[in-house]
**Student:** 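Pasting a structure here, questions to come.
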Amino acid sequence: QVQLVESGGGLVQAGGSLRLSCSASGRTFSAYAMGWFRQAPGKEREFVASINWSGGSTSYADSVKGRFTISRDNDKNTVYLQMNSLKPEDTAVYYCARRTRPSPSTLIQLYDYWGQGTQVTVSS
């Protein structure tokens with residue numbers, strides 16, 4: 001059973017920063033790609049960032065490129081999302097997800113395991 005637990009969300013002013021963490025259970029964390037997604041009220045869940053099994057390949061949504069950084073520590077079974085220069089439109093519940101393949105994807109349907117989400121609220 002794979003469990004993903006997000007943390008690090010909260011309330012921040014526009015222009016501020018937050019770092020989200022996602023801790024994964026299981027001994028095979030390093031074999032699989034991970035992703036971050038978000039869902040704002042009344043909107044569909046959308047891709048934010050992804051990272052391959054080794055951390056050597058990353059991808060970002062255009063809306064966060066240059067402001068957010070995804071990274072992973074395979075020794076700690078943890079993936080991170082560093083969010084800088086936050087904007088009110090970044091307000092959403094942020095979810096981490098795991099594939100059962102080493103290569104990442106921007107497609108929600110290709111992720112098999114999901115965390116419960118962590119709320120990020122950016123005030124103007």
Side-chain angles (χ1 to χ4, degrees):
Q1 182 75 9
V2 175
Q3 289 188 323
L4 303 175
V5 180
E6 301 97 335
S7 62
L11 174 64
V12 64
Q13 289 188 333
S17 298
L18 283 174
R19 187 175 84 153
L20 305 183
S21 299
C22 173
S23 178
S25 64
R27 294 178 291 178
T28 57
F29 174 80
S30 61
Y32 303 117
M34 299 292 295
W36 284 97
F37 295 79
R38 67 186 182 187
Q39 187 167 17
K43 295 188 176 181
E44 293 186 352
R45 193 170 299 188
E46 65 176 6
F47 169 76
V48 175
S50 63
I51 189 166
N52 75 333
W53 67 277
S54 69
S57 177
T58 59
S59 180
Y60 298 93
D62 287 344
S63 59
V64 307
K65 202 171 293 184
R67 300 187 298 122
F68 291 10
T69 303
I70 188 171
S71 62
R72 65 189 297 160
D73 185 335
N74 286 341
D75 291 334
K76 296 182 178 179
N77 279 18
T78 302
V79 63
Y80 304 97
L81 185 68
Q82 178 67 44
M83 306 186 295
N84 299 328
S85 302
L86 282 161
K87 305 175 181 180
E89 50 264 43
D90 294 319
T91 295
V93 177
Y94 283 71
Y95 299 90
C96 74
R98 203 205 82 175
R99 293 201 70 194
T100 52
R101 293 180 180 271
S103 57
S105 173
T106 63
L107 301 178
I108 291 174
Q109 61 266 32
L110 296 185
Y111 287 80
D112 301 283
Y113 300 97
W114 292 82
Q116 82 289 348
T118 185
Q119 176 71 46
V120 171
T121 303
V122 184
S123 63
S124 57

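Nothing here was measured: the structure is a model prediction, and the numbers come from that model.
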**Student:** Of all the heavy-atom pairs spanning S21 and T78, show the shortest one and how long it is.
**Tutor:** CB-CG2, 4.2 Å
**Student:** Minimum heavy-atom separation for R38 to S63, with atom names?
**Tutor:**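 Scanning both residues, the minimum pair turns out to be NH2-OG, 3.4 Å.
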**Student:** Please check if any side-chain donor atom of S17 sits under 3.5 Å from a side-chain acceptor atom of N84, or the reverse.
**Tutor:**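 Per modelled atom types, S17 and N84 side chains form a pair under 3.5 Å.
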**Student:** Atom CZ of R72 and atom OG of S30: how far apart are they, to the nearest 0.5 Å?
**Tutor:**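 OG of S30 is found 7.0 Å from CZ of R72.
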**Student:** Quick one: hydrophobic cluster around I108, which other residues, with the 4.5 Å side-chain cut-off, linked directly or via members?
**Tutor:** F37, F47, V93, Y95, Y111, W114
**Student:** For D75, check salt bridge (charged side-chain N to carboxylate O under 4.0 Å, His left out) against everything at least two apart and list the hits.
**Tutor:**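 D75 satisfies salt bridge (charged side-chain N to carboxylate O under 4.0 Å, His left out) with no other residue.
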**Student:** Identify the two heavy atoms, one from A14 and one from S124, that lie closest to each other, and give their separation to 0.1 Å.
**Tutor:** CB-CA, 4.4 Å
**Student:** When you look at CZ of R45, are more than 12 heavy atoms from neighbouring residues, nucleotides or ligands closer to it than 6.0 Å?
**Tutor:** yes
**Student:** Can you name the nearest heavy-atom pair linking L110 to S105, along with the distance?
**Tutor:**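 Where L110 meets S105 most closely, the heavy atoms are CD1-OG, 3.3 Å.
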**Student:** Taking all atoms of both residues into account, what is the closest heavy-atom pair of A40 and A92, and its distance?
**Tutor:**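 Looking at all heavy atoms of both residues, the shortest contact is N-CB, 3.8 Å.
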**Student:** In chain order, what residues pass the salt bridge (charged side-chain N to carboxylate O under 4.0 Å, His left out) check against R67, with sequence neighbours excluded?
**Tutor:**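 Testing R67 for salt bridge (charged side-chain N to carboxylate O under 4.0 Å, His left out), a comparison that skips the adjacent residues, returns D90.
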**Student:** If hydrophobic residues (ILVMFWY) are linked whenever their side-chain heavy atoms come closer than 4.5 Å, directly or via other members, who joins M34 in its cluster?
**Tutor:** V2, L4, V12, L18, L20, F29, W36, V48, I51, Y60, V64, F68, I70, V79, L81, M83, L86, Y94, Y113, V120, V122
**Student:** For residues T91 and Q119, determine if any side-chain heavy atom of one lies less than 4.5 Å from a side-chain heavy atom of the other.
**Tutor:**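 Yes, side chains in contact.
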**Student:** Without swapping roles, check the side chain of N77 against the backbone of G26 for a donor-acceptor pair under 3.5 Å.
**Tutor:**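 Flag set: sc N77 to bb G26 pair under 3.5 Å.
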**Student:** Can you measure from CD (E6) to SG (C22) and round to the nearest 0.5 angstrom?
**Tutor:** 5.0 Å
**Student:** Among all residues two or more places apart in sequence or in another chain, which pass the salt bridge (charged side-chain N to carboxylate O under 4.0 Å, His left out) test with K65?
**Tutor:**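 Partners of K65 under the salt bridge (charged side-chain N to carboxylate O under 4.0 Å, His left out) test: D62.
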**Student:** Can you name the closest pair of heavy atoms from N52 and P104 and give their distance?
**Tutor:** CB-CD, 3.5 Å
**Student:** Only counting residues at least two apart or in another chain, list the ones meeting side chain to side chain donor-acceptor pair (under 3.5 Å) with D73.
**Tutor:**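 Per chain and number, D73 pairs via side chain to side chain donor-acceptor pair (under 3.5 Å) with no residue.
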**Student:** Using a cut-off of 6.0 Å, state whether more than 12 heavy atoms not belonging to Q1 lie near its atom CD.
**Tutor:** no
**Student:** Report yes or no: does Q82 contribute a side-chain atom to a donor-acceptor pair with the main-chain N or O of R19 at less than 3.5 Å?
**Tutor:** no
